[in-house]
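For the numbers below, each heavy atom of this structure counts, side chains included, while hydrogens, waters and symmetry mates do not. Residue numbers begin at 1 in each chain, while the letters A, B, ... track the order of the sequences.
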Amino acid sequence: MIHFILRRLLYGSVVMFFVVLIISSIIYAAPVDPTRMTFGQRSDNATVQAKRKELGLDQPLYVQLGMYMRDILPLSIEGDTPAEKEKYQYFKLFSVGNHNALVFKYPYLRESYQTGRRVSEILSSAIPQTAVLALASMLIATFLGILLGVAAALKPGSVFDTSAIIASVMGYSLPSYIVAMMLALIGGYWLSDWTGLNIQGSLFELDDFGDNRTVWKNLILPAIALGIRPVALITQLTRGTMMDVLTQDYVRTATAKGLRKKIVIFKHALRNALNPVATAISGWFAGLLAGAFFVESVFSYNGLGQVTVTALLNFDIPVVLGSVLFTALVFVVMNVFVDVLYALLDPRIRLN
Amino acid sequence: MQDKILEVDNLKIQFQSFDRRTFKETKIVAVNGIHFTLYKGETVGIVGESGSGKSVTALSLMRLLEEPPSELVSGSILFYPEGGSKPVDFAQLRPDEDMPPYRGKHLAMIFQEPMTSLNPVYTCGAQVAEAILIHNAISKAAAKQKTIELFEKVKLPNPAQMYDRYPHELSGGQKQRVMIAMAMSCDPAILIADEPTTALDVTVQKEILKLTNELQQNFGTSILFITHDLGVIAEIADRVLVMYKGNIVESGNVEDVFLRPQHPYTKGLLACRPPLGQRLKRLPVVSDFMGERVNAITGAKELYEKDQPNIVFNNTISDAEALTKSSKLLENAPMMVVKNLNTWFPTKKNLWGKPIEWFKAVNDVSFNVYEGETLGLVGESGCGKTTLGRTILRLMRPQSGEIIFENQHLEHLEQDALRPLRKKMQIVFQDPYSSLNPRMTIGAAILEPMQVHKIYENDKIRKEKVIELLETVSMTAEQYHRYPHEFSGGQRQRICIARALALQPTFLVCDESVSALDVSVQAQVLNLLMDLKAKMKFTCVFISHDLSVVRFISDRIMVMNKGRIEEIGFADAIYQNPQTEYTQRLIEAIPKGIITK
């Protein structure tokens, strides 16, 4: 098991390397100068060139790439000076030569071109918001989806089953930003007196006195908007696998033992139907963790999606790279997690 | 007279079926007003072929059929509880609401497929303990204790450890023992066994039958034993019911039915098992004994008995004849030479994905196949016979060793180089249900290999050849455009044979090709194979776990055990005078169809 996880994480780091490579190449190829974006219209050429030099943007791609890789590696050789230490916040392992040291550090994602804040700081304030949102919507989706799927599978061809399928096809076909706008309009505007919900807002907000506060109700509408499509997907998947599992011999064995139907369904059948559903849920969850660009924008929800979109618009390369890297990491970890989950759900699967 | 325990009267069950062609709901009668009684402590066998309604009957007794599509139209299932209280009519109870207290406690059931009958995600012990906990108010620890005791009674090795094992870690026979333990856990009055040994090897079957007999003696349970195998019935049952198309056509004591069968169907069924004592030219089939005709007066279909069938006379091959025929075959040059063949599967890999442990499915095997012979390959499941069959056709890559087919080495050939050879070597698989593409008409399925190998000039000629082939395997030209699901198992297997023969191969491997078929259908397919072989003169390797089938069809037999060849020799010699202990055990375990009780 440990072997398995280590090997998979090793593959994962290769994936991450290629992600950085591809994204950097695309950005490099784009005909935009990030430094000009930072200064705006009124910058003179000398200043821009100086800034380019400072950010290392005058270097060829492979040099830039090499420098970035060195920055994000947890184990690297850095200069042994207070300034460097301040920049990388490393933990010195031992000295290499006179001026350098082998250090252990968090991946250094550099600073935003726009605000000068550390990218890791920007991300770490956005990620929890997105994570809570993703978790909330997936919880809704999983619970509803499995319930509806099981109910539909029990009576295939019935009115309930048919309407569940039609509804889920419709739900799946609806783009999430349309749903988001409709929900914002109806729930947060027309009926806001009655629901008490805001049309826009984040989970963590500054109140009028400048203090942080958590506004849980701002989670409701975006979570529903993001949950509708996975509900549809999970319903259909659960229904399909459940119908298959219900015809299996061991379900009949369970009934022949004298178990009540409910226990047969939830204890014996459902557990066997969960594997494909688990794949879908975790895949979708990973996707949501990467940020729900549209829905976050519609609700002005300060999550990773919105941060990334803003960074892209401003060509804020370090922020874009940082969030893409985080997304890749989420998928890598999630994939390993799913495989481990499989082994837990089904004792026949051995990690190997 | 003993006490009645179950009385089934006028039971009629039908299934709804939706015809996609006509868009009409049709009703198919699966069980047509049957009547039988089960007495305390006896074993009643229900025998019949697939579609006879025997499994439907078994499932309906516990109301385990899904409703819909099934429907209990009429009749009663009276259960007489112990202590002489009033009988309960299961037919009147609601399956989901009222039946659970009876299931498992008063009636228990064992199913055909031990591989799929246990839930893969729970341990064997937990599944048995669950059954105990439903019907008894005892603690979990006590249920566990009782489960381990039951495991001991059904003779599972290391009962305490077995408790925590998952089903996939057990062999088929062990799983069936767990199922039996589960069924017996609440000391039921009636045990319904639906083909409990059909999926098992003969040696395992023998042990399971012995176990059921023992348990019946200890617990005094009444057993309803459902099977298609008359040989098994003879060994276990007191009385027999013979079912045919939803009706009980004959019933009586085992002795009477076996020695003095009355109904032509029973006679046919008894005759079509490949006999062990003698060599037949062809196997009798049910249609030799029984026909169906329209009654001139009533207009209804009825069964009638044919005149004493010729098939019974002049059908045996003498030992001398067989020996001359077989020895002559050995004078031919070997068509295939296999030397020190190894096919291994990796079971453990190191960190870099390199295998470090192997399962040796085929382990240092050498033999010859002579031109024109049928070489039977027999062994228990897991002995490597299927792997061997696939390796010599190079559907699998061997680890090492030599395969020489018509003086050409096959072991190192790549797929491209093998393709022309595929024309000469064909295979017929075990499961006729999954080996035909459901989205391809059977005509297209047979046509395809001809197109791939570009034999015959154009599709028109090829189509004619396909129709010719269909007729050779006793199908009709009109069936060319039909899809596989419209055919029965036996018909599908004939289609698979036609497909394999489409390229006029010189070498055919039949991998358990008749194992999934009913005995009467099996007899038809075996006869067909014999006829085709005489006509088309191919060499055949016939793989089967059933020694009686192998003995009927083969010139020589090769016995395989744990990846190695135990012995090889003429069919009669192997059967009459087995050299190794393993072969003796295998022959010993075959149900002889002789009444033992």
Side-chain angles (χ1 to χ4, degrees), chain A residues 1-11 14 153-159 161 241-278 341-352, chain B residues 18 58-59 61-66 68-69 95-97 99-123 126-128 130-135 165-169 178-179 182-183 185-186 188 192 194 346-353:
Chain A
M1 176 117 152
I2 302 292
H3 259 188
F4 170 83
I5 294 175
L6 280 179
R7 193 163 67 215
R8 289 293 300 268
L9 288 178
L10 203 75
Y11 295 157
V14 178
L154 288 180
K155 292 221 170 354
S158 65
V159 178
D161 177 41
T241 52
M242 197 64 186
M243 278 173 68
D244 192 39
V245 168
L246 283 174
T247 63
Q248 297 290 318
D249 291 344
Y250 52 77
V251 172
R252 197 177 53 190
T253 307
T255 315
K257 264 190 228 180
L259 286 171
R260 294 270 165 196
K261 195 164 185 183
K262 237 181 237 161
I263 301 174
V264 172
I265 289 161
F266 286 102
K267 188 176 169 194
H268 284 266
L270 186 59
R271 174 107 185 254
N272 280 286
L274 280 183
N275 257 2
V277 181
L341 189 70
Y342 271 177
L344 291 179
L345 281 176
D346 189 341
R348 280 168 299 182
I349 296 172
R350 261 189 288 160
L351 298 175
N352 206 325
Chain B
F18 183 72
L59 290 169
L61 299 183
M62 282 170 85
R63 302 294 305 275
L64 283 172
L65 292 167
E66 285 286 324
D96 287 343
E97 291 83 0
M99 280 307 291
Y102 293 98
R103 292 176 185 150
K105 187 167 171 64
H106 299 292
L107 290 89
M109 195 157 176
I110 319 169
F111 299 98
Q112 172 169 5
E113 273 297 334
M115 302 296 163
T116 54
S117 291
L118 287 168
N119 196 330
V121 302
Y122 295 106
T123 60
Q127 294 188 56
V128 177
E130 188 184 27
I132 299 174
L133 284 168
I134 307 166
H135 300 291
R165 293 274 194 86
Y166 286 97
H168 72 274
E169 298 171 308
V178 172
M179 282 299 290
M182 189 191 291
S185 65
C186 297
I192 303 165
D194 185 5
T347 52
K348 217 172 173 181
K349 290 177 178 176
N350 66 8
L351 189 59
W352 313 109

Which atom of B:Tyr122 lies closest to which atom of A:Lys267, heavy atoms considered: OH-O, 2.7 Å

Residues two or more places apart in sequence or in another chain: which of them pass side chain to side chain donor-acceptor pair (under 3.5 Å) with A:Asp249? B:Thr116

Which atoms of B:Met115 come close to chain A, meaning under 4.5 Å heavy atom to heavy atom: side chain ones, backbone ones, both, or neither? neither

Do you know which of B:Met179, B:Glu113, B:Glu130 has the most heavy-atom pairs under 4.5 Å to chain A? B:Glu130

Tell me, side chain or backbone of B:Leu118 under 4.5 Å from chain A's heavy atoms, or both, or neither? backbone

Give me the atom names and distance for the closest heavy-atom approach of A:Leu345 to B:Val121. O-CG1, 3.4 Å

In terms of heavy-atom pairs under 4.5 Å with chain A, the winner among B:Pro95, B:Pro167, B:Gly104, B:Pro120 is B:Pro120

Which atoms of B:Leu59 are under 4.5 Å from chain A, going by heavy atoms: the side chain, the backbone, both sets, or neither? side chain

Residue among B:Met182, B:Met99, B:His168, B:Glu66 with most heavy-atom pairs under 4.5 Å to chain A: B:His168

Pairs of heavy atoms under 4.5 Å with chain A: top-ranked of B:Arg103, B:Arg63, B:Met109: B:Arg103

With a 4.5 Å cut-off on heavy-atom pairs, point out which of A:Asp346, A:Val264, A:Thr253, A:Ile263 contacts chain B the most. A:Thr253

Shortest non-hydrogen pair, A:Arg260 vs B:Pro100, comes out as NH1-CG, 3.9 Å

Which atoms of B:Gln127 come close to chain A, meaning under 4.5 Å heavy atom to heavy atom: side chain ones, backbone ones, both, or neither? both

So, the side chain of A:Arg348 versus the backbone of B:Glu169: is there a donor-acceptor pair under 3.5 Å, distance only? no

What pairs with A:Tyr342 under ring-ring contact (aromatic ring centres under 6.0 Å, His included), at least two apart in sequence or on another chain? none

Interatomic distance, NZ@A:Lys257 vs CE@B:Met62, rounded to 0.5 Å, equals 12.0 Å

Pick one of side chain, backbone, both or neither for B:Ala108, based on which atoms fall under 4.5 Å of a heavy atom in chain A. neither

